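First comes the structure, then the notes that go with it.
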Amino acid sequence: MKQLGQYPPPRHVIAHLSDPHLLAGGALQYGAIDTEAGLRLSLERLAAVDPPPQALVFTGDLADKGEPAAYARLRQIVEPAAAAMGAEVVWVMGNHDERSDYALGLFDEASDAPQDRVHEVDGLRIISLDSSVPGYHHGALSDDQLTWLADVLATPAEHGTLLAVHHPPIPLPMLRAAELIELLDQDRLAAVLEGSDVRGILAGHLHFSTYSLFAGIPVSVASASCYTSDPAPVDRFVSGVSTGQAFTMVHAYADRLVHTIVPLDTGVEVTAVGLDIMAAVEDLTPEEARELASNKTSPFNAQHELEDS
């Protein structure tokens, strides 16, 4: 990738997807949402991302009812697509997932213990932290989990750590209903993360994109691929709608993360620049390329002004 601006290419590229809520047998969620279609569309959109992601991080609610067949179908859809991209898959438990079926279906392990795992992606550590509470929708972390997390973080990773957890540790001013099923005792998690090499927290659960800070660490919540939560509903405490589905791209640089929302609906194209310009740009210096793109009277911009008129 040729550097055109002030920043070099990112060191790591991560796709942050959330809440596919897959159902067994192709059943429709609420009788209306084809969750498998949303997941497939996410992966189709991802296949066009350049450079491709090194990891696909799914922050929970992988199976709407925790069905074994849904986890099997999830792997059938995601794993070949991830392999084609050369990406590692990072699964995270959500409140709709069931631990024993999740462990057996995704990791071929018989276990009902918290599903906490560590992944290493070219020097970037990604920790999958299970915030689910069996039988409930709110989130919590046990003393043993926090001790485990502190032990892992005691040794810094080469390029830092991303923490992936379903329940976001942030205020929820646009979805007050989610306060009833939030992550409890967040101060205990903050005490573990403070001073660590955690560069960012990736979360889901809310079914819309939002951002905040937690213990001084950027938090990014990804939207869902099934349905979304309307953050400004009319005459509703909660309103789930079939629009605005998206995932988030995370580009990690040496000193920062850049989060970009990628909607699943591509919309109607109203203007475009073809890829042929890249061939011309490759032969130019960065200064010449900037002059071509930025100067309002350059041949490139003059041509586009003519086309718009």
Side-chain angles (χ1 to χ4, degrees), residues 1-18 20 37-58 77-78 80-88 121-122 124 162 200 202 208-211 218 220-225 228 231 241-309:
M1 178 187 295
K2 181 175 181 177
Q3 182 174 334
L4 299 178
Q6 300 176 58
Y7 298 97
R11 183 70 178 77
H12 295 89
V13 180
I14 307 297
H16 176 196
L17 308 97
S18 201
L39 175 62
R40 287 187 178 279
L41 183 54
S42 298
L43 296 171
E44 289 172 11
R45 293 281 277 151
L46 262 177
V49 171
D50 184 29
Q54 294 150 289
L56 312 184
V57 180
F58 287 82
I77 295 172
V78 172
M85 299 177 205
E88 181 170 349
V121 180
D122 192 19
L124 177 69
L162 293 180
L202 308 181
F208 63 78
S209 301
T210 190
Y211 304 90
S220 174
V221 180
S223 187
S225 60
T228 63
V241 294
S242 182
T243 188
Q245 293 92 335
F247 59 86
T248 302
M249 291 304 303
V250 184
H251 292 87
Y253 294 81
D255 61 346
R256 70 195 70 193
L257 302 177
V258 177
H259 302 271
T260 306
I261 298 172
V262 181
L264 301 194
D265 182 358
T266 57
V268 178
E269 185 176 279
V270 295
T271 183
V273 176
L275 291 176
D276 54 326
I277 192 174
M278 286 304 299
V281 168
E282 287 294 332
D283 294 330
L284 300 178
T285 67
E287 292 75 20
E288 290 170 334
R290 182 177 299 110
E291 181 68 18
L292 179 66
S294 182
N295 190 321
K296 294 180 181 179
T297 62
S298 72
F300 171 75
N301 283 315
Q303 176 65 27
H304 277 271
E305 288 290 337
L306 182 64
E307 291 173 355
D308 290 342
S309 62

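Predicted, not measured: the structure shown is a model, and the values here were computed from it. All heavy atoms count here, side chains included; hydrogens, waters and symmetry mates do not.
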- Query: Are any non-hydrogen side-chain atoms of Y253 and V258 less than 4.5 angstrom apart?
  - Reply: yes

- Task: Using the test side-chain contact (heavy atoms from CB on, under 4.5 Å), find all partners of S223 that sit at least two apart in sequence or belong to another chain.
- Result: S209, T228, A246

- Message: Quick one, T248 with V262, criterion side chain to side chain contact (heavy atoms under 4.5 Å, CB included). Give me CA distance, side-chain angles, the key distance, then yes/no.
- Response: CA-CA 6 Å; T248 302; V262 181; over 6 Å; no

- State whether the side chain of D265 and the backbone N or O of G244 hold a donor-acceptor pair below 3.5 Å, judged by distance alone. no

- Query: Distance from L41 atom CG to S225 atom OG, nearest 0.5 Å?
  - Reply: 9.0 Å

- Item | Nearest heavy atoms of V281 and A289, plus distance in Å | CG1-CB, 4.2 Å

- Once you round to the nearest 0.5 Å, how far does OG1 of T285 lie from CZ of R290? 9.0 Å

- Item | Nearest atoms (heavy-atom pairs only) where G200 meets L257 | CA-CD1, 3.8 Å

- Task: Identify, with sequence neighbours excluded, every residue that meets salt bridge (charged side-chain N to carboxylate O under 4.0 Å, His left out) alongside R45.
- Result: none

- Message: Go through it in stages, so that I can follow the logic: the residues are F247 and L46, the test is side chain to side chain contact (heavy atoms under 4.5 Å, CB included), and I'd like the CA-CA distance, side-chain angles, deciding distance and then a yes or no.
- Response: CA-CA 9 Å; F247 59 86; L46 262 177; 3.7 Å; yes

- Message: Could you report the tightest heavy-atom contact between L292 and S298, atom names first, then the distance?
- Response: O-OG, 2.6 Å

- May I have the step-by-step check of side chain to side chain contact (heavy atoms under 4.5 Å, CB included) for L56 and L17, ending in yes or no? CA-CA 7 Å; L56 312 184; L17 308 97; 4.1 Å; yes

- Message: Taking side chain to side chain donor-acceptor pair (under 3.5 Å) as the definition, give me every residue that meets it alongside S18, ordered by chain and number, with sequence neighbours left out.
- Response: T59

- Residues that E291 engages under side chain to side chain donor-acceptor pair (under 3.5 Å), provided they are two or more places apart: N295

- Message: Rounded at 0.5 Å granularity, tell me how far CD1 in I261 sits from CZ in F208.
- Response: 11.0 Å

- Task: Would you indicate whether the side-chain heavy atoms of L202 and H259 approach each other to under 4.5 Å?
- Result: yes

- Item | For the student: nearest non-hydrogen atoms of H16 and S220, plus distance | CE1-O, 3.4 Å

Tabulate below the donor-acceptor pairs under 3.5 Å that side-chain atoms of residues 5-15 make, not counting sequence neighbours, or state none.
residue, atom, partner, partner atom, Å
R11, NH1, D122, OD2, 2.7
R11, NH2, H159, NE2, 3.2
H12, NE2, V121, O, 3.2
H12, NE2, D122, O, 2.8

- Taking atom OG1 of T266 and atom CD of E44, what is their separation to the nearest 0.5 Å? 11.0 Å

- Applying side chain to side chain donor-acceptor pair (under 3.5 Å) to Q54 and not counting sequence neighbours gives none

- Message: To check you understand the geometry: which heavy-atom pair defines the closest contact between P52 and M85, and what is its length?
- Response: CB-O, 4.0 Å

